[in-house]
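Structure first, then comments.
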2 protein chains.
Amino acid sequence: MSLDGQLPPKMRLLRAAAELLANSAGAPVSTRQITQLAGVTAPTLYHHFGDKEGLFDAVVAAGFEEYVAGERDFAPSGQPLEDIRRMWDNHVQFGLNQPELYLVMFGNIRPESRPAIVADAEALMEEMLNKAAVAGQLNVQPREAARSILAANVGVTLMLIAEPAPDRNLELSTMTRDAMIFAVSAEPANGAAPGDNGRSSVVVAAIALNAALQASHSDQLSSSELKLFLEWLHRISTSPAG
Amino acid sequence: MSLDGQLPPKMRLLRAAAELLANSAGAPVSTRQITQLAGVTAPTLYHHFGDKEGLFDAVVAAGFEEYVAGERDFAPSGQPLEDIRRMWDNHVQFGLNQPELYLVMFGNIRPESRPAIVADAEALMEEMLNKAAVAGQLNVQPREAARSILAANVGVTLMLIAEPAPDRNLELSTMTRDAMIFAVSAEPANGAAPGDNGRSSVVVAAIALNAALQASHSDQLSSSELKLFLEWLHRISTSPAG
DNA sequence: TAGCACCTATAGCATTGCTATATGAACTGA
DNA sequence: TCAGTTCATATAGCAATGCTATAGGTGCTA
């Protein structure tokens, strides 16, 4: 049960704290649990880390290095914006894999103590965005883009962590990710999108959909389905009012 | 020093907790501080709230109602997307005004306990986005848009809270806000900015119709017909490309 | 061997969240 | 009017927490 090995007590404390934190499911982790698992008594902890928070900071620092290593692992693909996407996904995955650690890092940020990590994370992303900027693919300053993207990235990750694991829908992540990247990128995608003056009401919307469907023979519905669908649409669109 | 007045102890406890939490600057607030400020002894707290967390939940609930009231205060301007902007700004302002409360609400979210508030906040935003969808201004399902926007909104607010007050740059907020809104909106804003991710008018119209139908419980179709209809509509509106 | 950092353990303090138990107040039904 | 019941508060204290004053090894250098 005890994390022995011949590792020095400092390391054992770090590992014990990390392990307990990872499996705590939100419950507070006591110094006694940590020291017991590490096979060490209390003063040792305070000698090496000064504080419970000091120990946790050390754990977070280690976790952050792991995070940074993950972010850097992806070789530059030559398409900076694609790298940003992978960076985003890696960030989300890190948060979902180690939710407790992530919450300590990004969930409890307070003005007086925490933003060192945030600054580092921003720098990491800015570095990547700089390449995009050099390639003329950026719409705004890399620093502002990095801050903005990272903020959204953190928000999405927190939301996904808050959701019970089985319900997690990663589409939230990809959608927000692409929205942010698109917003800061200078590329004009492609043209068109007629976008008629959207005045509301069921009838107008139904008529618009009816016309659009017939014009584009969408293959999302079978032909028999489509026939019935259009009939209903007709009933709706010729009704007096919604 | 004590929060007397003739208020009932329950109220005094709530106010004391809220006040201490607001001025705690991140330091933990003990039940003894709370009960002392409220002029009450410990069992009273546990009689009314069961738990320290129960008391904090009540404080959060009160804070959330204040938040919701703020969100609803803005009369619909007739331009739903403009309302969403003000909703976003109000959210950020709420977080900056009551950072401690905000951190309890959105910073410490854990899968097992917290997401009720998140769900409520999402519903609030979805409600607003529905109007945009009905008007044919949305590119994606209102629910997905709401989740995405709210996630970014929370992330930005946390980042701003983490930053020391004097350095806070609200441009981060407005930039991220407009990026998100632009990304989910169907209209090319003005003629100059043509390209968005080319979702066809079929999809936009389907989303609008879907929202309108759900908003107006049309009785043109039987419930079973409607169910199937909506299912098809969903298939169309979530298809990769029209 | 002596001295000197360094690291760890024994034992215990003050504070924390919480509760077993008892007391008071307010209402109800006869 | 008064016993019975329910709700609300208080007295006193428990177990667990973070932390520390003090002392005891250990290994080095001289």
Side-chain angles (χ1 to χ4, degrees), chain A residues 1-61 100-101 103-104 108 110 112-114, chain B residues 1-61 100-101 103-104 108 110 112-114:
Chain A
M1 185 59 98
S2 59
L3 278 186
D4 301 284
Q6 259 60 358
L7 293 96
K10 190 172 179 178
M11 278 298 173
R12 278 185 284 167
L13 279 170
L14 268 178
R15 296 201 179 184
E19 180 180 329
L20 287 175
L21 201 65
N23 304 341
S24 69
V29 178
S30 73
T31 59
R32 280 175 172 82
Q33 290 176 44
I34 297 173
T35 53
Q36 182 184 345
L37 179 59
V40 157
T41 52
T44 305
L45 191 162
Y46 294 93
H47 174 71
H48 286 291
F49 299 99
D51 218 342
K52 184 188 185 181
E53 195 181 327
L55 171 58
F56 277 66
D57 283 353
V59 172
V60 165
E100 300 299 331
L101 189 58
L103 284 177
V104 175
N108 266 333
R110 290 229 160 67
E112 62 273 9
S113 62
R114 209 50 64 173
Chain B
M1 185 58 99
S2 59
L3 278 186
D4 301 283
Q6 258 61 357
L7 292 96
K10 191 171 179 178
M11 279 299 172
R12 277 184 285 166
L13 279 169
L14 268 176
R15 296 203 178 181
E19 180 179 328
L20 287 174
L21 201 64
N23 304 340
S24 69
V29 177
S30 74
T31 60
R32 280 174 172 80
Q33 291 174 42
I34 297 174
T35 54
Q36 181 183 346
L37 179 59
V40 159
T41 52
T44 304
L45 190 163
Y46 295 93
H47 173 72
H48 286 291
F49 299 98
D51 219 344
K52 183 187 185 180
E53 195 181 328
L55 172 57
F56 277 66
D57 283 353
V59 173
V60 165
E100 299 299 330
L101 189 58
L103 284 177
V104 175
N108 265 334
R110 291 228 159 66
E112 63 272 11
S113 62
R114 208 49 63 175

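The basis for the numbers below is simple: all heavy atoms, side chains too, and nothing from hydrogens, waters or symmetry mates.
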> Can you tell me how far C1' of C:dC18 sits from CZ of B:F56, to the nearest Å?
Replying inline: 15 Å
> Contact class for A:P28 vs. all strands (heavy atom < 4.0 Å): base, sugar-phosphate, or nothing?
Replying inline: nothing
> Rounded to the Å, how far apart are A:K10 NZ and C:dT8 P?
Replying inline: 11 Å
> Is there side-chain contact between A:D51 and A:L45, with at least one heavy-atom pair below 4.5 Å?
Replying inline: no
> Taking it one step at a time, do A:I34 and A:F56 satisfy side chain to side chain contact (heavy atoms under 4.5 Å, CB included)?
Replying inline: CA-CA 11 Å; A:I34 297 173; A:F56 277 66; 4.1 Å; yes
> Roughly how far, to the nearest 0.5 Å, is CD of B:E100 from CG of B:L20?
Replying inline: 11.5 Å
>> To the closest 0.5 Å, what do you measure between NE2 (A:H48) and CG (A:L14)?
In response: 10.0 Å
> Roughly how far, to the nearest 0.5 Å, is the CZ atom of B:R15 from the CD atom of B:E19?
Replying inline: 10.0 Å
> From the 5' end of DNA chain D to its 3' end, which nucleotides mark the outer limits of contact with chain B, defined by a 4.0 Å heavy-atom distance cut-off (strictly under)?
Replying inline: D:dA8 to D:dG13
> Between A:T41 and A:R32, which is nearer to the 5' end of DNA chain C once each is assigned its nearest nucleotide?
Replying inline: A:T41
>> Test side chain to side chain contact (heavy atoms under 4.5 Å, CB included) on B:T35 and B:T44; report intermediate values, then the result.
In response: CA-CA 8 Å; B:T35 54; B:T44 304; over 6 Å; no
>> In whole Å, I'd like the distance from the CD1 atom of B:I34 to the C1' atom of C:dT16.
In response: 12 Å
> Near DNA chain C, which residues from residues 42-51 of chain A have a heavy atom under 4.0 Å away?
Replying inline: A:P43, A:T44, A:H47, A:H48
>> Ignoring hydrogens, what is the shortest heavy-atom contact between A:F49 and A:K10? Give both atom names and the distance.
In response: CZ-CG, 3.7 Å
> Taking CG from B:L55 and P from C:dG17, how many angstroms apart are they, rounded to a whole number?
Replying inline: 11 Å
> NE2/A:H47 to OG1/A:T41 distance, rounded to the nearest 0.5 angstrom?
Replying inline: 11.5 Å
